[in-house]
There are 2 protein chains.
Amino acid sequence: MSADAQLSARMDPACPMAAFPFHVGGKWTGMVVVALLDGPRRFGHLRQVLGVSSAKVLTETLRDMARDGLLTRTDHQANPPHVTYELTDLGRSLLPVIDAMREWSDQHLADLLAHRQNHSLATESDAAPTPSSPPK
Amino acid sequence: MSADAQLSARMDPACPMAAFPFHVGGKWTGMVVVALLDGPRRFGHLRQVLGVSSAKVLTETLRDMARDGLLTRTDHQANPPHVTYELTDLGRSLLPVIDAMREWSDQHLADLLAHRQNHSLATESDAAPTPSSPPK
DNA sequence: CGGCATCCTATGAGATACTG
DNA sequence: CAGTATCTCATAGGATGCCG
């Protein structure tokens with residue numbers, strides 16, 4: 001399975017960052033890591049795959065990550081411009097943590113969202129029995 | 001080692017969240033989890049241990065966490081007020097992820113900070129040889 | 001194509017003062 | 001003691017337009 005497919009499958013709107021209790025750096029940092037797992041990628045490619053709206057945001061994310069040694073920026077000095085970004089070992093070192101987040105998400109995110117849902121309805125009325133997730 | 005001691009030792013200003021590339025929920029969420037590992041704690045206790053300046057911030061954090069089922073709030077109906085917060089199983093389920101973050105921090109945070117430092121000095125001048133961290 | 005420059009807005013975070 | 005009520009401020013995120 002390609003990293004791009006993983007991205008769509010695991011980090012798509014169905015599992016929104018909004019409810020996700022973990023973040024890596026900025027909003028897009030974690031996704032950039034995943035998107036670069038298969039090798040160098042171009043700016044435009046990242047922009048499409050991540051679905052990042054504004055170019056500015058992606059530029060900032062990538063610059064910060066380069067500054068922190070998480071990836072390298074390669075300007076191929078071509079015209080039209082051709083720039084690629086590639087994960088460093090340090091960048092790849094984030095993967096176990098990201099995977100830990102994903103594993104948590106697989107196992108517990110639905111539970112968290114159920115609690116949140118439940119809470120909106122019955123702020124104090126009854127005991128609000130846990131809607132899903134019987135304790136293992 | 002108590003969770004409180006862990007808190008001071010591992011999440012103190014010497015390892016500031018500012019440079020820490022991971023976050024759990026809000027700024028204080030992760031620390032609340034760690035602070036509650038040893039059992040229920042009172043509002044004031046949390047406020048002291050975490051060093052959270054404003055009561056509002058802690059209140060918000062705790063309310064959000066309760067809403068998400070990460071902890072429970074118990075009002076002991078006493079005067080003066082006595083309220084305790086206790087982790088749920090769901091709240092405890094965050095621990096492996098937090099530990100993964102800490103492990104990453106132990107192994108790579110210094111490296112990241114070195115890169116960051118280096119980058120401020122030589123934005124483009126020379127090749128900026130990696131200051132520390134020979135590849136493994 | 002891969003950016004900057006500019007502007008805008010929502011939100012997080014905190015300070016301070018007050019209350020049951 | 002455990003909050004609530006306001007207010008401020010900084011920053012992240014995003015929209016749009018221009019440039020080499």
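Convention: sequence-line order gives letters A, B, ...; per-chain numbering from 1. Nothing here was measured: the structure is a model prediction, and the numbers come from that model.
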Ignoring the backbone of A:Lys56, work out which of D:dG13, D:dT6, C:dC4 is nearest its side chain.
-> D:dG13
Between A:Thr88 and A:Leu70, is there a donor-acceptor pair closer than 3.5 Å when you use the side chain of the first and the backbone of the second?
-> yes
Value in whole Å for how far the P atom of C:dG14 lies from CG of B:Leu58 = 11 Å
Write down the distance between CD (A:Gln77) and C1' (D:dG20), rounded to a whole number of angstrom.
-> 12 Å
Identify whether any heavy atom of A:Arg47 sits under 4.0 Å from a base atom; if not, whether one sits that close to sugar-phosphate; answer base, sugar-phosphate or nothing.
-> nothing
Whole Å only: how far is the CG atom of B:Leu62 from the C1' atom of D:dT4?
-> 15 Å
For the pair B:Thr61 (side chain) and B:Val57 (backbone), establish whether a donor and an acceptor sit closer than 3.5 Å, ignoring hydrogens and angles.
-> yes
To the nearest Å, give me how far apart CG (A:Asp75) and C1' (D:dG20) are.
-> 12 Å
Looking only at D:dG3, D:dG14, D:dC1, the nucleotide nearest the B:Arg73 side chain is D:dG3
Donor-acceptor pair (no angle test) under 3.5 Å: B:Ser54 side chain, C:dA15 base = yes
Could you give the distance from CE (B:Met65) to OH (B:Tyr85), rounded to the nearest 0.5 Å?
-> 11.0 Å
Take the protein atom NE2 of B:His76 and the nucleotide atom P of D:dA2, then report the distance between them rounded to whole Å.
-> 9 Å
Side chain of B:Pro81 (C-beta onward), nearest among C:dA13, D:dG14, C:dG20 = C:dG20
So which nucleotide from C:dG3, D:dG3, D:dG13 ends up closest to the side chain of B:Val83?
-> D:dG3
Closest nucleotide among D:dG14, C:dC1, C:dG3 to the A:Ala55 side chain = C:dG3
Counting only N and O atoms by type, is there a donor-acceptor contact under 3.5 Å from the side chain of A:Arg67 to the main-chain atoms of A:Leu62?
-> no
Atom NZ of B:Lys27 and atom C1' of D:dA12 are separated, to the nearest Å, by 15 Å
Nearest of C:dG3, D:dG13, D:dA15 to any side-chain atom of A:Phe43?
-> C:dG3
Please state whether the phosphate of D:dA2, meaning OP1 or OP2, lies under 4.0 angstrom from any side-chain nitrogen or oxygen of B:Arg42.
-> yes
In whole Å, what is the span from the CZ atom of A:Arg41 to the P atom of C:dC1?
-> 17 Å
A:Glu60 CD to D:dA15 P, in whole Å, measures 13 Å
Take A:Pro80 and A:Thr61, find for each the nucleotide of DNA chain D with the closest heavy atom, and name the residue whose nucleotide sits nearer the 5' end.
-> A:Thr61
Any side-chain N or O of B:Arg63 under 4.0 Å from OP1/OP2 of D:dG3?
-> no
How do B:Val57 and A:Tyr85 order along DNA chain C: which one's closest nucleotide is nearer the 5' end?
-> A:Tyr85
Does a sphere of radius 6.0 Å around CD in B:Gln107 hold more than 12 heavy atoms from other residues, nucleotides or ligands, not counting ones at 6.0 Å or beyond?
-> yes
